[in-house]
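Written out below as structure tokens is the structure these notes cover.
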Amino acid sequence: MSAHFKKSDAMGVFFIYAGRQGSNLECALALHELARQSGFKSSLILSKDNSRADKIRKFYPDAEFFNFFSPNDIAKLRSLIGTGTAFFTMISPKIVPLILSLKSGKILYFHATYDLSLSQSALRDLYFDFLHRVAIFNSTITLATQHPLAWQIKARLGKEAGVLPHPPYSPIAKGFFGEEAKVPLPFRDYFLNFGGIDRISKGTQVLVRAVEGTNLDTVVAGKGSQIHGGKNLLHINRWLSDGELHFLIKHSKCVVLPYLTSSQFSGCLALAFHFKKPVLAPLSPTFEDWIVEGKTGWFFPQGDWAGLRDKMRRIAADGFPHSKPAIARLERQMAHRTKVRLAQALASLQHIHPPVIKQ
């Protein structure tokens, strides 16, 4: 730790996740842990309707829960945060009342895509475009997971955005990912795709096309439009519990992330790496630092279903060779990158020298 930085120098940082469901929770927890490791006084602020509230209280008993649409709770939050730093880990209608009312430093962490070219709903686009503008213009600092995403924000809104690499999930409290709930499956060895499968940017349809008419057993897990693709393709069309998702990842041979955009980092990669599973993904800025061919995963040409099919066949024929130690090393590198940049961003708002974090 630098001689210029002591824990007593740092004001509080409040990681705010207003969602009811979703993996943005894991992102908030990981950032909270990395901030604490750097010496910042970090707190978790979550929504009262969070579906995993009981689990969170078990592993993070100091977490506090609020109704983000309650004027009374917003007043309590303003008092609690005081002159500290509010760190919003998602964009949602729920954060608007708080982000508009806070006078202290506000960081908005943007880790979705801001490329609307693949969208099919103009009305939805207009709504979220307005929401993005409100949140971004009312934040002191906007951070994105990737440089292309930061430039999208600059191009659309004219506002500078910094880069904060997405954290791995390894810093999260031991035991948080422990449960496992068996999911009945028609096959044993399978490729797995999971998440927001209806978002075209996720590229799930590229995977569906790749496995049509093959013997490449594949599970697609996530609520959305029903997918039909033959006996080798199973779509679990519902919201999965933590235990079910963990079971599917642990027992898969490989996680496939066929993204069609290069601007966002995948929390699915962070979760796959947590369970030391390799990832098959496009060669793009999202994945180029984290995939080492044959050790932590494999690449295929982005958007090329035939290329994806060929790579899946080769991987299956070779027996899914990968290295769990190599995945663990990349997780440590990911944590270090995020930790350094997070400390710099927090220190800049709190007018202190950032801590020196050893390599």
Side-chain angles (χ1 to χ4, degrees), residues 23 26-27 29-38 59 111 145-146 163-180 188-195 216-219 221 242-243 245-259 264-300 308 311-343 356-359:
S23 62
E26 282 86 346
C27 182
L29 296 177
L31 292 172
H32 168 62
E33 293 284 9
L34 291 174
R36 293 202 304 186
Q37 289 176 20
S38 296
F59 292 98
H111 46 104
T145 52
Q146 301 279 345
V163 173
L164 174 65
H166 194 288
Y169 294 152
S170 51
I172 295 175
K174 185 177 180 181
F176 187 84
F177 297 98
E179 74 273 27
E180 188 175 324
R188 292 179 58 188
D189 297 336
Y190 57 93
F191 293 88
L192 174 66
N193 173 254
F194 63 93
L216 296 166
D217 292 335
T218 301
V219 174
D242 280 1
L245 182 56
H246 300 169
F247 173 89
L248 289 172
I249 296 172
K250 288 179 182 179
H251 293 274
S252 70
K253 293 297 183 179
C254 168
V255 172
V256 186
L257 302 173
Y259 284 24
Q264 68 186 85
F265 184 87
S266 172
C268 298
L269 180 143
L271 192 54
F273 273 14
H274 178 80
F275 292 112
K276 304 300 178 283
K277 290 295 178 179
V279 168
L280 174 57
L283 178 56
S284 74
T286 307
F287 301 105
E288 61 185 355
D289 289 337
W290 310 118
I291 293 180
V292 180
E293 282 276 342
K295 292 187 176 180
T296 65
W298 306 270
F299 287 118
F300 73 95
L308 174 57
K311 202 59 176 279
M312 291 173 74
R313 281 176 168 160
R314 276 185 279 167
I315 293 166
D318 292 341
F320 300 85
H322 65 283
S323 166
K324 291 184 179 181
I327 293 174
R329 284 194 297 271
L330 281 186
E331 278 193 301
R332 291 192 292 271
Q333 291 177 24
M334 197 184 302
H336 179 74
R337 284 192 188 188
T338 307
K339 191 175 180 180
V340 169
R341 183 64 189 100
L342 176 63
V356 175
I357 300 172
K358 295 181 180 179
Q359 295 291 335

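- Of the possible donor and acceptor atoms, none in the side chain of Thr218 sits under 3.5 Å from a partner among the backbone N and O of Phe191.
- Residues Pro167 and Leu34 are in side-chain contact: their nearest non-hydrogen atoms beyond the backbone lie under 4.5 Å apart.
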For a quick test of your reading: what N or O donor-acceptor pairs under 3.5 Å do the side chains of residues 321-333 make, sequence neighbours left out?
unit_1 : atom_1 : unit_2 : atom_2 : d
His322 : ND1    : Phe320 : O      : 3.0
Ser323 : OG     : Ala326 : N      : 3.1
Glu331 : OE1    : Lys276 : NZ     : 2.8

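- Take Arg337 and apply the salt bridge (Lys or Arg N to Asp or Glu O under 4.0 Å) test, not counting sequence neighbours, and it matches Asp289.
- Take Tyr259 and apply the side chain to side chain donor-acceptor pair (under 3.5 Å) test, not counting sequence neighbours, and it matches Lys202, Ser266.
- Nearest heavy-atom pair, Ala281 versus Ile291, reported as atom, atom and distance to 0.1 Å: CB-CD1, 3.7 Å.
- Side chain of Arg341 to main chain of Pro165: no donor-acceptor pair is present (N/O by atom type, distance under 3.5 Å, no hydrogens or angles).
- Proximity of a side-chain donor or acceptor of Lys277 to a complementary backbone N or O of Ser252 within less than 3.5 Å is detected.
- Across all non-hydrogen atoms, the minimal contact from Pro171 to Gln37 is CB-NE2, 4.1 Å.
- Counted within 6.0 Å of NZ on Lys253, heavy atoms from surrounding residues, nucleotides or ligands total 12 or fewer; the atom is thus considered open.
- With sequence neighbours left out, Glu180 forms a salt bridge (Lys or Arg N to Asp or Glu O under 4.0 Å) with Lys250.
- With sequence neighbours excluded, the residues that form a side-chain contact (heavy atoms from CB on, under 4.5 Å) with Pro282 are Phe287, Phe300, Gln302.
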Worked check of side chain to side chain contact (heavy atoms under 4.5 Å, CB included) between Val255 and Phe194: CA-CA 8 Å; Val255 172; Phe194 63 93; 3.8 Å; yes

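- With sequence neighbours left out, the ring-ring contact (aromatic ring centres under 6.0 Å, His included) criterion links Tyr190 to no other residue.
- With sequence neighbours excluded, no residue forms a side chain to side chain donor-acceptor pair (under 3.5 Å) with Asp189.
- In this structure the side chain of Thr338 reaches within 4.5 angstrom of the side chain of Leu164, judged on heavy atoms.
- For Asp242, the salt bridge (Lys or Arg N to Asp or Glu O under 4.0 Å) partners two or more places apart in sequence, or in a different chain, are Arg52, Lys55.
- In terms of the ring-ring contact (aromatic ring centres under 6.0 Å, His included) criterion, Phe273 has no residue partners (sequence neighbours excluded).
- With sequence neighbours left out, the salt bridge (Lys or Arg N to Asp or Glu O under 4.0 Å) criterion links Lys295 to no other residue.
- Between Phe59 and Phe176, the ring planes lie perpendicular to each other; the angle is over 60°, past the 30° to 60° tilted range.
- Taking the side chain to side chain donor-acceptor pair (under 3.5 Å) definition, one finds that His32 meets it with Ser42, sequence neighbours left out.
- Classification of the Tyr169-Phe177 ring pair by plane angle, with boundaries at 30° and 60°, yields parallel.
- Taking the side chain as every heavy atom from C-beta outward, Lys311 and Leu280 approach each other to under 4.5 Å.
- Of all heavy-atom pairs between Val163 and Thr145, the closest is CG1-O, 3.8 Å.
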